[in-house]
Amino acid sequence: MSEAKRSLNFIEQIIEEDLTNGLSKDNLRFRFPPEPNGYLHIGHTKAIGISFGLGEYYNAPVNLRFDDTNPAKEEQEYVDAIKKDVAWLGYKWEKEVFSSDYFQQLYDWAILLINKGKAYIDSQTSEAMAEQKGTPTQPGVDGPYRNRSVKENLDLFARMKAGEFNEGEHILRAKIDMKHVNMLMRDPIMYRVLKKEHHRTANDWCIYPMYDWTHGESDYIEQISHSLCSLEFKPHRALYDWFLDQVVDPSKIRPKQREFARLNLSYTIMSKRKLLKLVNEGIVKGWDDPRMPTISGLRRRGYTPNAIRKFVHTVGVAKRDNMIDVSLLEFCIREDLNKIAPRVMAVLNPVKLLITNYPDDKVEWLEAENNPEDVSAGSRKIPFSRELYIEKDDFKEIAGSKFFRLKLGGEVRLKNAYIIKANNVVKDSSGNITEIQCTYSEDTARSIKGTLHWVSIAHAVKAEVREYDRLFTDETPDSHQDIDFMTFVNPNSLKTINAFVEPSLKESQVGDRFQFQRLGYFNVDDDSNTNNLIFNKTVGLRDTWAKIKPQQNTNKPQKKQVQQSKRPAIEQIKSYGKKYDRMQDEQREKAKAEIKELAKNVSYEDLEPLFGTAVKKAGTRIITMISLGVLLNSGLEKNEDISNFIAKALEDKNALLVEEAKAIS
RNA sequence: UGGCCUAUGGUGUAACUGGUAACACGUUUGUUUUUGGUACAAAAGAGUAUAGGUUCGAGACCUAUUGGGCCAACCA
């Protein structure tokens, strides 16, 4: 399509470069390598979208590889769930493979390394080894077993495999460099003894390879050309390459690891461990609870694969940390559902409406369009009668001119039906409205500002509607070092509503998606059946009326501001300099006061470099002048540099600068 | 007292080998509308972390700072 001018992300640029440097397009191959220790979540969709997206773009194969090297945490249940989720997203993998498929090859290569003197058996406790490892700022030291003979290493390793040792007694380490600046290169562990049953290899092995030893070699075995992962693996790249160096055949494809920034979504957590905690502690009903950011949760909530793929694409790929607003996800799902979801009517919070001039026993089946965005969706019939439900929110006895809904003496259109006028209300003893009395008019051609949805009471079907709010009340629940993420759990994330829906919904099936007109998008929950209809609210409609109404819950924590206040005073002052000379008078006064306050925490050494600021950058020179004034006031002696700076400013053509200079000269 | 990564509107991503910043979301306004939805139109919002330098010209190149992130599991 319009690919020609499309700008490439940095990974695509790397691939294009490799292609122009002689890599054959046929050799392009990718992989998505989840560990089967939990369910996939929205964060994974980025990694999936990148690798599988590349596969689609270049028409190259993509393997689905389960990185199952730790039998203590991995289960078949997760393998099945992951396959289901990836397939549901609409991606097709070339091969389904497992790291455990390569256990024998990995073992053989390990022996090769031992023979080359590049690996040895260490027999210390993990504490002793950790101590020798040093810290990021301190080099490590060699351990006592580092120079064991090849023969002894071979013998010990064979006996490890044979199950002669208990967990923790011996491990196999690569022999690299205990003083390396990269801690991962300080003789990393390749194999440990683990007497656990593996979900695929059962008890065939009692030694298991570590991630670093496994990953690059697996990529190489599969001849993956580009191995894409998230940024936290950047430090592993050196080791990835080192392990590859030991076994690589130059005539074959040598995989390249490249890293991108992972996806962060506001108000949600992405850690599998923490997600598991929500499940285990019963905060949610399971991995597929519609409030969960898991793919299965989103699916149950009513999200479409299209919407999620669109979202991932829109988010883009780069290397800087990001925090994506949930509103973008919501936009993507609305956009998709708007095109495909049939429109129906449902009342969630009912109040009775009586049409006094409509015959008691009359029922009309009125024509209703199924989807204005899609004429081929056709139409259906809905029943209209004397007694209806409308939303409580859609009626007010007295209201201003901005209220387009029903008020006493006012007129409104009932969607797909007639125009009505409210004449009277009936209230109970405590003043609640129990009935609104109206008259209707069959002249529907008139133009009327408001249109309401409704259901006929006699025909309405009862249904349970589950409305969800965000699971956490904080924008970044798991990034507070002193506060546990569980304290931000929103106690009101689920609201169960007894609603009334139009009769055509009686036959709806699990998974069906609808737009409840004027309310939002809903789908039929997995728990639903014909006798007990249950809907999930996927997402509300965009609601400009809600913005007009006064709100209380929208004060977002201003992250940027918080960060800014932690910056050194001089940095904050500098950022004022950029715009100072362009500010409105009032703003400028405020800024000036702020600068004077900040300047109290600034030393002369901080300020001095700014004296050299280019002439054209008047703003910076002004804020420097103001800060200098504060310093002089608190006892700083004038020196030659200061005098020169002031003298030069006095001759400047910027009036503000001259003014500030005069003030302190 | 280390290494690596990173810094562009409120958010996310762009900007071909240097030519003063684009797209999407969000925000605001208007038009259309039997959904306060959708669609359409428009507006506001960034001197590209800071300072210095190279250059006729720097978001891009150089230098020095300053934020932020990652790295010490027999996890992946």
Side-chain angles (χ1 to χ4, degrees), chain A residues 5 7 9 33-35 37 67 69-70 72-74 122 126 129-130 133-140 167-168 170-171 180-184 186 189 191-194 208 210-212 214-215 231-238 259 261 266 272 314-325 327-328 330-332 334-335 338-339 343 345 369 372-373 402 404-405 413-417 419 444 447-453 515-520 540-548 556 558 560 563-564 566-568 570-571 574-575 577-579 582 609-610 612-614 617 619-620:
Chain A
K5 273 286 175 184
S7 65
N9 66 46
E35 182 189 10
N37 67 342
D67 213 349
T69 57
N70 185 2
K73 292 202 289 180
E74 295 148 7
D122 200 332
S126 57
M129 289 184 354
K133 203 163 186 180
T135 70
T137 53
Q138 276 180 314
E167 293 183 12
H170 304 281
I171 50 123
H180 204 286
V181 287
N182 183 343
M183 303 240 355
L184 287 158
R186 325 242 256 232
I189 296 171
Y191 272 95
R192 77 286 211 189
V193 173
L194 232 40
Y208 290 92
M210 301 288 288
Y211 164 84
D212 287 297
T214 309
H215 206 94
L231 231 35
E232 57 267 35
F233 289 97
K234 178 70 219 277
H236 292 253
R237 187 149 115 196
E259 311 82 9
S266 61
K272 280 193 219 173
T314 310
V315 152
V317 182
K319 287 168 88 166
R320 67 177 127 154
D321 293 326
N322 56 72
M323 175 62 70
I324 284 125
D325 202 289
S327 66
L328 183 62
E330 293 181 345
F331 163 78
C332 292
R334 283 194 193 107
E335 189 190 38
N338 176 50
K339 282 180 254 157
R343 316 287 133 124
M345 294 202 284
E369 195 179 21
E373 304 291 319
K402 279 188 184 162
F404 304 154
R405 286 111 105 133
R413 185 190 300 277
L414 292 176
K415 179 81 183 171
N416 302 313
I419 291 170
T444 58
S447 131
I448 289 282
K449 188 69 180 168
T451 301
L452 307 185
H453 60 277
Q515 184 195 93
F516 290 1
Q517 282 182 114
R518 301 213 302 132
L519 296 175
L541 255 25
R542 234 179 118 242
D543 189 353
T544 43
W545 170 240
K547 286 176 201 152
I548 301 168
K556 291 184 183 175
Q558 300 219 325
K560 202 87 176 182
Q563 274 181 5
Q564 203 163 51
K566 277 189 281 187
R567 294 168 62 204
I570 187 66
E571 291 299 319
K574 280 185 197 167
S575 61
K578 259 178 150 176
K579 23 192 163 159
R582 291 179 303 134
L610 297 184
T613 303
K617 294 180 181 172
T620 303

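The figures that follow rest on heavy atoms only: side chains count, while hydrogens, waters and symmetry mates do not. A, B, ... follow the sequence lines: proteins, then strands. Residue 1 opens every chain.
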Polar side chain donor-acceptor pair, His170(A) to Asp122(A), under 3.5 angstrom: no
Using side-chain contact (heavy atoms from CB on, under 4.5 Å), reason through Arg405(A) and Trp545(A) one step at a time and then give a plain yes or no. CA-CA 11 Å; Arg405(A) 286 111 105 133; Trp545(A) 170 240; 3.1 Å; yes
Taking only the [atom1] atom of each, what is the distance from [N] to [M] in whole angstrom?
N: G45(B); M: G12(B); atom1: C1'; answer: 16 Å
N: C40(B); M: U54(B); atom1: P; answer: 50 Å
N: A60(B); M: U6(B); atom1: P; answer: 15 Å
N: U17(B); M: G59(B); atom1: P; answer: 16 Å
N: U48(B); M: A22(B); atom1: C1'; answer: 13 Å
N: C25(B); M: A42(B); atom1: P; answer: 14 Å
N: G18(B); M: C62(B); atom1: P; answer: 12 Å
N: G36(B); M: G69(B); atom1: P; answer: 45 Å

Nucleotide [N], atom [atom2] - distance to [atom1] of [X] in whole Å:
X: Arg186(A); N: G2(B); atom1: CZ; atom2: P; result: 14 Å
X: Met323(A); N: G68(B); atom1: CE; atom2: C1'; result: 13 Å
X: Arg237(A); N: C5(B); atom1: CZ; atom2: P; result: 9 Å
X: Leu328(A); N: G26(B); atom1: CG; atom2: P; result: 8 Å
X: Asn322(A); N: C25(B); atom1: CG; atom2: P; result: 18 Å
X: Phe331(A); N: C25(B); atom1: CZ; atom2: P; result: 5 Å
X: Asp321(A); N: C4(B); atom1: CG; atom2: C1'; result: 13 Å

Could you check Leu541(A) against Asp543(A) for side-chain contact (heavy atoms from CB on, under 4.5 Å), going step by step and ending with a plain yes or no? CA-CA 6 Å; Leu541(A) 255 25; Asp543(A) 189 353; 5.8 Å; no
Over all heavy atoms of both residues, which pair between [X] and [Y] is shortest? Give the atoms and the distance, please.
X: Arg518(A); Y: Gln515(A); value: N-OE1, 4.5 Å
X: Pro235(A); Y: Glu232(A); value: CD-O, 3.4 Å
X: Leu184(A); Y: Asp212(A); value: CD2-OD2, 4.3 Å

Intra- and inter-strand pairs of RNA chain B in dot-bracket (Watson-Crick or G-U wobble, both distances under 3.5 Å; | for another strand): .((((((..((((.....[..)))).(((((.......))))).....(((((..]....))))))))))).....
Taking [Y]'s backbone N and O only, do any of them form a donor-acceptor pair with [X]'s side chain (distance below 3.5 Å, no angle check)?
X: Arg334(A); Y: Gly540(A); value: yes
X: Glu74(A); Y: Asn70(A); value: yes
X: Arg186(A); Y: His180(A); value: yes
X: Asp325(A); Y: Leu328(A); value: no

Relative to the ring of Tyr211(A), is the ring of Phe233(A) parallel (under 30°), tilted (30 to 60°) or perpendicular (over 60°)? tilted
Protein proximity profile, nucleotides 28-36 of chain B - base contact B, sugar-phosphate-only contact S, no contact -, cut-off 4.0 Å on heavy atoms: S-----BBB
Starting at the 5' end of nucleotides 70-76 of chain B, put B wherever the base has a protein heavy atom under 4.0 Å, S where only the sugar-phosphate does, and a dash everywhere else. --B-BBB
Stepwise side-chain contact (heavy atoms from CB on, under 4.5 Å) check, Thr214(A) with Asp67(A): CA-CA 8 Å; Thr214(A) 309; Asp67(A) 213 349; 4.2 Å; yes
